[in-house]
Number of protein chains: 2
Amino acid sequence: MNIYDVSKRAGVSIATVSRVINNSEGVSEKTRKKVLDAIEELEYIPNALARGLGINSMKTIGIMCANASDIYLANAIYHLESSLRKFGYDCILCCTGYESDIREKYMTLLLSKQVDAVILVGSNYVEEDVAKQEYIHNAAKKVPIVLVNGQLEGENIYCSLADDYQAVFQLCTQLIQKGKKNLMFLYDSNSFSGKQKRQGYEDALKNYNLKPNQLFIPFDEDNIQKIKDFIVQEVREYPEAMICCEDAIAVASLKFATKVGLDVPNQLHIVGYNNSLIAKCCEPELTSIDNKVQEVCDSAIKMLMNVLEGNGNENIKVVPCFLKQRGTTDF
Amino acid sequence: MNIYDVSKRAGVSIATVSRVINNSEGVSEKTRKKVLDAIEELEYIPNALARGLGINSMKTIGIMCANASDIYLANAIYHLESSLRKFGYDCILCCTGYESDIREKYMTLLLSKQVDAVILVGSNYVEEDVAKQEYIHNAAKKVPIVLVNGQLEGENIYCSLADDYQAVFQLCTQLIQKGKKNLMFLYDSNSFSGKQKRQGYEDALKNYNLKPNQLFIPFDEDNIQKIKDFIVQEVREYPEAMICCEDAIAVASLKFATKVGLDVPNQLHIVGYNNSLIAKCCEPELTSIDNKVQEVCDSAIKMLMNVLEGNGNENIKVVPCFLKQRGTTDF
DNA sequence: TTGTATGCGTTATCAA
DNA sequence: TTGATAACGCATACAA
């Protein structure tokens, strides 16, 4: 079933059928109707591959993320997909994990499928080792690359990210001004955004000559029980506030507080990050920094669409975060 | 940059280049090396579109789900993608929402992109109104259709699902045998799996001549606070156990218990569904029915691969669930 | 072992 | 307003 079958059925040439399919002008109403009828009768569906081969665009965007089951990333993917759809694009999803040579293979795969652009979701795509990002720069020679929540300079590379530095800096400053002195920072990642958060924490404390107190959590967010046990074991001197780079760590911190008998929020303030569903599942519910996934994704797509339409001017967009106060703080 | 450029560079014909790319035999080592070198130097990436057009397969599977940000669906998508990847397929993701005419459009879109099969994730693709499923049967005439957690009879339609009926039936039977009489069932969906769960509940109670006590929750799982308020308002006579069709509803039930002063698990047992991350976030942690997403997804892909390779024999696979006991029950 | 020529299903250019 | 035909980049049957 192809355009020839339709053309025969309608008694016109394939060029005319193509014109009707693409809503080109210069087709008489009568002919158009004949063609549309034939399409209907034959239940003809155009072959997007052949079309893509001709016009050299599949109207498809590649999306790479480390792990699509992560709550934050899943949300991002959802918003990206919806937003792309509005512009007539759909997406090929790749869960790449964290190894850069594997990521490079996925990138090649996407390019071979002639995607119009590639979106890298999550700040873990920004690596310490610059050599591990070479594949990104290479890909950018062929199609626009968009980083969601990462920052990377380069020709044809675009970034949309939350202002994690400011968010943590402001939060800590506020807590200090309310009289809290011993602020603890708990983190599980040295990704780009992880470092931004940490820097915000450190700078805020430095402003008040306070000593930083940081704890690296060597488990992933699914292991709330393990994280809790780890905190119980590591934290002997109780802080006045625990700033966590993930809601899951904040939940574990809350369990730690319960375990050691600290009253939250009176004796201990706890702040999570992402303002995800799990922030609303504990008791008291988590105060959490909302890093505005949807806004970040929307502006990523907006930037990308500008580029694809040739109006590319900006190449970075920073979205402010928002502190959602709930029961684990009181200030 | 195409196969002709490579052939010129290597001083061979395009047929030979094609053979090298596809690892076909009958190419001398010397020639093969020449070609590989040329590919390397030119940084040539084959065009999968052109290839797909010729052999009529893009090695791509379409995945449709209502909402990729839902924890359960996000997990399923993650496992499906990983599993497909192992077989050399990648996937186009479509978040379709719940309206069947929009879903039909997505299906057409996927077919136009020449996907090799379509996977429908989530039991909401099985509709009350059979007419709303016609587009699935039509699509099945062209490519295999796989339902994940849904059941639908039809030519070229395959199903992999969790045994939700048995899971709830067994759980309720067990609770009754432990002396619980007033079991309450809370649900928010009349999807296929929703009905299976409900039927399991009703049948278990019927076996012991107990009167069912069901509450429909008219909010989605993000609104834990609203769900809790609704439960507080609706439930006057306190049950001995609350069986919930979603972990989020179970979390809300736990908050309800706290609010009205019921001790969990001594006065009230609570059981969630999905055994998701949020089950571990509350205190006490949720007992939850694990519906084995990964197994369900893996067997879906296994079935599909058999079909695509022409060994299609089975067309349905039912995976047993597993009760993960935690702090909200004690039996 | 290698090369030539054709087809895959479109779009687009040009001519009618 | 319509039609014939050449691309698009590759795989493959067939010939050499």
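So that the names make sense, note that chain A is the first sequence line, chain B the second, and so on, each numbered from 1.
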Only distances under 3.5 Å count here; give the side-chain donor-acceptor pairs of residues 56-64 of chain B to other protein atoms, sequence neighbours excluded, each with its distance to 0.1 Å.
from, atom 1, to, atom 2, distance (Å)
B:S57, OG, B:K59, N, 3.2
B:S57, OG, B:D116, OD1, 2.8
B:S57, OG, B:D116, OD2, 3.4
B:T60, OG1, A:K113, NZ, 2.5
B:T60, OG1, B:M58, O, 2.9
B:T60, OG1, B:D90, OD1, 3.2

Report all side-chain donor-acceptor pairs from residues 9-21 of chain B shorter than 3.5 Å, counting only partners two or more places apart or in another chain.
from, atom 1, to, atom 2, distance (Å)
B:R9, NE, B:E41, OE1, 2.7
B:R9, NH2, B:E41, OE1, 2.5
B:S13, OG, B:A15, N, 3.3
B:S13, OG, B:T16, N, 3.4
B:S13, OG, B:T16, OG1, 3.4
B:S18, OG, B:N22, ND2, 3.4

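If you measure from atom CG of A:N23 to atom P of C:dT10, you get 16 Å, rounded to the nearest angstrom. Atom C1' of nucleotide D:dC10 and atom CE of B:M58 are separated by 12 Å, given to the nearest angstrom. Rounded to a whole Å, the CG atom of A:L49 is 21 Å from the P atom of D:dA7. Atoms CG (A:N47) and P (C:dC8) sit 12 Å apart, rounded to a whole Å. Straight-line distance from the CG atom of B:L53 to the P atom of C:dG9: 7 Å, rounded to whole Å. Between the C1' atom of D:dT1 and the CZ atom of A:R32 lies a distance of 12 Å, rounded to the nearest Å. Remark: P of D:dG3 and NZ of A:K8 are 15 Å apart, rounded to the nearest angstrom. Distance, B:K30 NZ to C:dT1 P: 13 Å, rounded to whole Å.
The end-to-end axis angle of the helix from C:dT1-D:dA16 to C:dA16-D:dT1, rounded to 10 degrees and based on five pairs per end, is 40°.
The CG atom of A:L152 sits 5.5 Å away from atom CG of A:L147, with the distance rounded to the nearest 0.5 Å.
Partners of B:S28 under the side-chain hydrogen bond (donor to acceptor under 3.5 Å, both in side chains) rule, at least two apart in sequence or in another chain, are B:T31. Under the side-chain hydrogen bond (donor to acceptor under 3.5 Å, both in side chains) criterion, B:E81 pairs with B:R85, not counting sequence neighbours.
Contacts classified as salt bridge (Lys or Arg N to Asp or Glu O under 4.0 Å) and involving residues 300-315 of chain A (residues at least two apart or in different chains) are not found. Judged as a salt bridge (Lys or Arg N to Asp or Glu O under 4.0 Å), not a single pair has a partner in residues 137-148 of chain A (not counting sequence neighbours). Note on residues 64-74 of chain A: pairs passing side-chain hydrogen bond (donor to acceptor under 3.5 Å, both in side chains), not counting sequence neighbours, are A:N67-A:S69, A:Y72-A:N149.
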Nucleic acid footprint by protein, nucleotides 11-16 of chain D - heavy-atom cut-off 4.0 Å, B for base, S for sugar-phosphate alone: BBB---

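In this model, the phosphate group of C:dT2 is approached by a side-chain N or O of B:S28 to a distance below 4.0 Å at OP1 or OP2.
Judged by the 6.0 Å distance and 45° axis criteria, A:R103 is positioned over the aromatic ring of A:Y125.
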